[in-house]
Amino acid sequence: MIAGAANNLAMLLQAMGHFADARPLCERAVALAESRSGGLPLAALVANLGSVCEDLGDLDAARQHLERAVGLVDPQVKGPQGQQHHPHPEQLARWLTSLGGVARAQGRDDEARPLLERAVAVVEAARGPEHPAVAARLRTLAALLRAQRDSAAAVPVLERVVRISSAACRRRKDATKCEPLASDLGALGAALHARGAYPDAGPLFERALRLREEALGPDHAASMRSKASLAANARHANAPNVAVPLLRELVSSHERASTRPDACPARAAALIDLAEALLELLDHVETTQVEEHLLQGDAQTPTPAAATAPDVVTAEAVAAARRALAIRRRALGAAHEHTAVAHSVLGWCLLAATDVDAAFAAHEAAAAICERLAPANAIKLRVRVGVLVADARRRRARDAAAEASALAQRLRRPAHERRAARKALDDAAT
């Protein structure tokens, strides 16, 4: 009884964040229980001590206690069909999962995976393969696989999770209670996206978005995350015509949802994505027009009337980039690396608008921030390409264009920057 009281007080202190005060109470509870009980009651107290040690960052002690808790309830019992059963499956699975989490925190992912797989097997044997409790353990396993960048292994795990969640959602017949399914659809979409399976990922992101908008409304944070994922997938699938309207809606949602839209970093990020998607749309339309003329045997350029639409798109891109830059300067400061990215994107938009001098100034501003902050190499590389392309366009300098074209090949995305570098090289050669 005293052990239980000490444990209850410790759990209250843990919930309040007073981990250092909770630990001695847990230790006392374990010491008292060791002389009076064993099995599940003692294992639960030992596991609680392990949890408190994990919160304190004492991972070695946490591992030791959790391993002991697992050992206390782990005698495997064979069922009538020879299948392994455990007398306390939920507790065992929970502690195996916690032990896997400690292993991950210690950088021992190779040890974490079999622990999480065993937690799945324990619950599956007790509850059946389609039980929601199995989905909960599968989600944890999938998160580990995705963190290990093993999307090939994560996809079938997440497909099982989606199947179980879909069945649970159908039973509820209430969209407001289907958030777990929307989250699972997004996770599966992300795993497929990481494998480059953009056509397969798109419908999953779209389904998650529909569920969330129906249950939570279009301006809820979860709905906006789904919309951003769907737009990003469309951009990677070379479908900027799909991404642009989604990103316009996302910007509008941020404006409605934020109490200070003029200082909202998430709105700035959406504006940056919109500006870049608009540039990709320009490239997409230009490429499509050229292909159509080649198919028709007509190498002439589009008529002046047809050229007005790209001007409108370019103007929208410049406006979006300017708004993003203003927000980031206000919210993050003039010297932040994300502000440098906004300067750089504005530079690319101004280049598309043929305002070469202003574009060069924007890229130079980005380069100055990068010199002071030394941000990640990908940002520095992108900014360097922008400076060189703007300088090449400004001076028709072949050396700058050639260097920009060579560096641009190292950029993974966005592709419009590589095309701009090649165009600068072609222009300088004529």
Side-chain angles (χ1 to χ4, degrees), residues 19 23 43-44 46-78 83-127 129 131-165 180 183-197 200-201 376-378 412:
F19 309 129
R23 182 171 184 170
V46 173
N48 289 342
L49 175 56
S51 174
V52 170
C53 289
E54 183 181 2
D55 287 336
L56 283 168
D58 190 349
L59 298 179
D60 288 335
R63 178 184 181 184
Q64 176 186 345
H65 295 309
L66 287 166
E67 284 177 343
R68 185 184 176 199
V70 167
L72 286 166
V73 297
D74 197 28
Q76 297 177 355
V77 181
K78 296 289 185 180
Q83 188 179 20
Q84 288 182 349
H85 289 268
H86 296 267
H88 311 293
E90 299 296 340
Q91 292 87 341
L92 177 58
R94 184 167 66 251
W95 298 336
L96 285 167
T97 301
S98 297
L99 193 53
V102 170
R104 286 192 64 186
Q106 291 182 313
R108 297 180 291 106
D109 284 3
D110 56 328
E111 295 179 28
R113 181 168 177 174
L115 289 166
L116 299 180
E117 289 173 337
R118 188 152 166 249
V120 171
V122 167
V123 177
E124 193 172 26
R127 300 290 188 182
H131 195 278
V134 176
R137 302 303 166 193
L138 287 169
R139 289 186 189 102
T140 306
L141 174 59
L144 170 66
L145 296 171
R146 290 178 61 195
Q148 293 177 324
R149 300 185 183 280
D150 191 353
S151 297
V155 166
V157 173
L158 287 165
E159 286 174 340
R160 279 194 67 191
V161 173
V162 166
R163 186 168 64 249
I164 297 169
S165 291
S183 180
D184 295 335
L185 288 165
L188 177 56
L192 289 166
H193 178 94
R195 297 187 68 188
D200 296 326
N377 287 338
R412 290 182 61 189

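Contact between Leu116 and Leu96 at its shortest, heavy atoms only, is CD2-O, 4.5 Å. Considering all non-hydrogen atoms of both residues, Ala93 and Val123 come closest at CB-CG2, 3.3 Å. A pairwise comparison of heavy atoms in Val73 and Ala43 identifies CG1-CB, 3.7 Å as the closest pair. When all heavy atoms of Ala152 and Pro156 are compared, the closest pair comes out as O-CD, 3.1 Å. Nearest heavy-atom pair across Pro129 and Val134 is O-CG1, 3.9 Å.
Remark: Glu159 does not engage Arg163 in a salt bridge, criterion side-chain N to carboxylate O under 4.0 Å. Using a 4.0 Å cut-off between a side-chain N of Lys or Arg and a carboxylate O of Asp or Glu, Glu117 and Arg113 qualify as a salt bridge. Remark: Glu124 engages Arg160 in a salt bridge, criterion side-chain N to carboxylate O under 4.0 Å.
Expressed to the nearest 0.5 Å, how far SG of Cys53 lies from CD of Gln64 amounts to 8.5 Å. Taking CH2 of Trp95 as the reference point, atom NE2 of His88 lies at 8.0 Å (rounded to 0.5 Å). One finds the CZ atom of Phe19 at 7.0 Å from the CG atom of Leu56 (value rounded to the nearest 0.5 Å).
Looking at heavy atoms from C-beta onward, His131 lies out of side-chain contact with Ile164 at the 4.5 angstrom threshold. His65 is not listed as a side-chain neighbour of Asn48, based on a closest heavy-atom distance of 4.5 Å or more. Counting heavy atoms from C-beta on, the side chains of Asp58 and Arg23 come closer than 4.5 Å. Two residues are said to be in side-chain contact when any heavy atoms from C-beta on lie closer than 4.5 Å; Arg94 and Arg137 meet this criterion. Taking 4.5 Å as the limit, every side-chain heavy atom of Leu115 sits out of range of all side-chain heavy atoms of Thr97.
The side chain to side chain contact (heavy atoms under 4.5 Å, CB included) test applied to Ala142 returns Val157, Leu158, not counting sequence neighbours. Considering only residues two or more places apart in sequence or on other chains, Glu54 meets the salt bridge (Lys or Arg N to Asp or Glu O under 4.0 Å) condition with none of them. For Arg68, the side chain to side chain contact (heavy atoms under 4.5 Å, CB included) partners two or more places apart in sequence, or in a different chain, are Val30, Glu34, Leu42, Val46, Leu72. Considering only residues two or more places apart in sequence or on other chains, Ala197 meets the side chain to side chain contact (heavy atoms under 4.5 Å, CB included) condition with Leu192, Asp200.
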Show me the donor-acceptor pairs, under 3.5 Å and distance only, between side chains in residues 99-109 and residues at least two apart or in other chains.
{"from": "Gln106", "atom 1": "OE1", "to": "Arg108", "atom 2": "NE", "distance (Å)": "2.9"}
{"from": "Gln106", "atom 1": "OE1", "to": "Arg108", "atom 2": "NH2", "distance (Å)": "2.2"}
{"from": "Gln106", "atom 1": "NE2", "to": "Asp60", "atom 2": "OD1", "distance (Å)": "2.9"}
{"from": "Arg108", "atom 1": "NH1", "to": "Glu111", "atom 2": "OE1", "distance (Å)": "2.2"}
{"from": "Arg108", "atom 1": "NH1", "to": "Glu111", "atom 2": "OE2", "distance (Å)": "3.4"}

Identify every side-chain donor-acceptor pair in residues 183-190 under 3.5 Å, counting partners at least two apart or on other chains, and give the distances.
{"from": "Asp184", "atom 1": "OD1", "to": "Arg139", "atom 2": "NE", "distance (Å)": "2.8"}
{"from": "Asp184", "atom 1": "OD2", "to": "Arg139", "atom 2": "NE", "distance (Å)": "3.3"}
{"from": "Asp184", "atom 1": "OD2", "to": "Arg139", "atom 2": "NH2", "distance (Å)": "2.9"}
{"from": "Asp184", "atom 1": "OD2", "to": "Ser165", "atom 2": "OG", "distance (Å)": "2.4"}

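Inspection of the Arg146 and Ser151 side chains reveals no N or O donor paired with an N or O acceptor under 3.5 Å.
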